[in-house]
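Only one structure is covered here, and it is reproduced in the block below.
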There are 2 protein chains.
Amino acid sequence: MGVFSKTCEYAMRAVFFIAHRTTAGERVGIREIAAGIDSPEAFLAKIMQDLTRRGIVNSIKGPNGGFYMDAASLKKPLSEVVLAVDGDGIFVGCGMGLEYCSAVNPCPLHNEFMEIRTRIQKMMQENTIGDFNEELNLGILSLKK
Amino acid sequence: MGVFSKTCEYAMRAVFFIAHRTTAGERVGIREIAAGIDSPEAFLAKIMQDLTRRGIVNSIKGPNGGFYMDAASLKKPLSEVVLAVDGDGIFVGCGMGLEYCSAVNPCPLHNEFMEIRTRIQKMMQENTIGDFNEELNLGILSLKK
DNA sequence: ATAATAAAAGATATATTTGTCTTTTATTTA
DNA sequence: TAAATAAAAGACAAATATATCTTTTATTAT
């Protein structure tokens with residue numbers, strides 16, 4: 001397994017994909033998103049339902065409907081997606097799963113892990129979803145397998 | 001979920017526990033390890049079977065038997081435990097699960113993730129299992145919930 | 001109004017992770 | 001040799017993550 005759950009990987013890719021399209025003013029259907037990020041369509045639909053309920057993306061039903069993001073959503077940090085899907089497990093808590101573990105009562109890995117976690121958190125909080133668009137627009141980055 | 005699987009968390013704690021006891025020349029039974037690291041005994045037994053098969057720890061059956069570690073095992077980096085249990089998922093691969101992702105063809109998170117992964121890997125490779133013993137001996141660190 | 005479209009919701013299926021229980025094998029001690 | 005001990009091995013059970021399918025609801029266009 002990687003750092004994030006598969007669900008979270010799909011969610012991040014989907015959000016980037018929609019953000020990219022939204023800057024062009026479009027709405028995107030679930031089929032196109034799934035194809036664009038190489039994910040199972042029905043499973044992604046479930047994930048999108050959740051992201052929509054939580055207000056991370058917006059959606060409209062019916063013809064010409066689909067998913068999109070407003071300006072406010074584009075300014076949200078990527079950490080919101082991770083928190084919504086995986087919870088705060090990667091940001092907080094002990095690397096060895098010890099509940100007591102803290103600066104006062106550290107586990108063997110505590111200090112080293114602190115730095116790494118802080119770093120992940122920083123990266124996820126400082127980068128907004130919209131931040132990646134420019135590079136995607138230039139075709140430097142990709143979302144497909 | 002945290003950075004590592006629960007299985008891996010138990011494995012790391014168990015290995016530290018055994019290493020700690022081994023420096024005193026003792027062998028430790030599965031019941032005592034499970035109690036010492038707060039893990040389900042039967043499940044830990046399965047994990048220990050695997051670690052033994054892979055040569056990360058040693059074991060002896062029968063009365064006065066149990067688990068222990070030799071000098072060579074104590075010098076192994078912690079990364080061996082992680083690799084044995086969780087594989088190389090946290091060390092390599094793309095944060096968003098993209099197969100193609102590399103320096104040449106990066107995903108949006110590629111560069112930031114590279115640093116974090118390198119850091120985790122470095123920490124796991126540079127610290128040997130035995131390295132934590134001194135602090136455990138001094139009672140500074142703990143393995144219990 | 002009706003038909004077509006697309007997401008939302010609900011139910012169900014599969015795979016993986018986590019956890020438990022029973023039997024077998026190796027070792028020691030009496 | 002027999003009994004006791006402790007890990008190894010195998011089978012099974014529960015929980016969670018991943019994935020699919022069907023029905024319902026909202027919206028648009030005819």
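Throughout, a chain's letter reflects where its sequence line sits, starting with A, and its residues are numbered from 1.
- For the pair B/K61 NZ and D/dA7 P, the interatomic distance rounds to 10 Å; values are reported in whole Å.
- Nearest to the side-chain atoms of B/A42 among the listed nucleotides C/dC21, D/dT20, D/dA7 stands C/dC21.
- Among the heavy atoms of the strands lying under 4.0 Å from B/V28 are primed sugar atoms or P, OP1, OP2 only; no base atom is included.
- Contact between the side-chain N/O atoms of B/R27 and the OP1/OP2 oxygens of D/dA6 is not found at any separation under 4.0 Å.
- Taking atom CD1 of A/I30 as the reference point, atom P of C/dT5 lies 18 Å away to the nearest angstrom.
- Using a 4.0 Å cut-off, some side-chain N or O of A/Y10 falls inside it from OP1 or OP2 of D/dA19.
- When the nucleotides C/dA8, D/dA7, D/dA19 are ranked by their closest atom to the side chain of A/K6, D/dA19 comes out on top.
- In this structure, B/F67 atom CZ and C/dA26 atom C1' are separated by 13 Å, rounded to whole Å.
- Atom-to-atom, CD of B/Q49 to P of C/dT23 comes out at 17 Å; the value is rounded to the nearest Å.
- With the nearest nucleotide of DNA chain D identified for both A/L44 and B/I60, B/I60 has the one nearer the 5' end.
- One can place CZ of B/F43 at 16 Å from P of D/dA14, the figure rounded to the nearest angstrom.
- Across D/dA19, D/dA8, D/dT25, the shortest atom-to-atom separation from the side chain of B/T52 is found for D/dA8.
- Across all strands, A/R31 comes closer than 4.0 Å to no nucleic acid atom at all (heavy-atom distances).
- Across D/dT20, C/dT18, D/dT18, the shortest atom-to-atom separation from the side chain of B/T7 is found for C/dT18.
- One can place CG of A/D86 at 13 Å from C1' of D/dT18, the figure rounded to the nearest angstrom.
- For the residue pair B/S73 and B/D70, a side-chain donor N or O sits within less than 3.5 Å of a side-chain acceptor on the partner.
- Across all their heavy atoms, B/M69 and B/V15 have their closest contact at SD-O, 3.9 Å.
- Residues A/N64 and A/K46 each lie close to DNA chain C; by heavy-atom proximity, the contact nearer the 5' end of the strand is made by A/N64.
- Side-chain contact, A/D131 with A/T128: a donor N or O sits under 3.5 Å from an acceptor N or O.
- Heavy-atom distances to DNA chain C give each of B/P63 and A/M48 a nearest nucleotide, and the one nearer the 5′ end belongs to A/M48.
- Side-chain proximity of B/S59 to C/dA8, D/dA8, D/dC21: nearest is D/dA8.
- In this structure, the side chain of A/R13 engages the main chain of A/D38 through a donor-acceptor pair within 3.5 Å.
- Going from atom CD1 of A/I47 over to atom P of D/dA17 covers 13 Å, rounded to whole Å.
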Using the rule given for salt bridge (Lys or Arg N to Asp or Glu O under 4.0 Å), can you reason through B/R21 versus B/E32, listing the C-alpha separation, both sets of side-chain angles and the distance that settles it, and then say yes or no? CA-CA 11 Å; B/R21 285 301 184 78; B/E32 198 184 347; 2.6 Å; yes

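- We find that CZ of B/F4 is positioned 13 Å from P of C/dT18, with the value rounded to whole Å.
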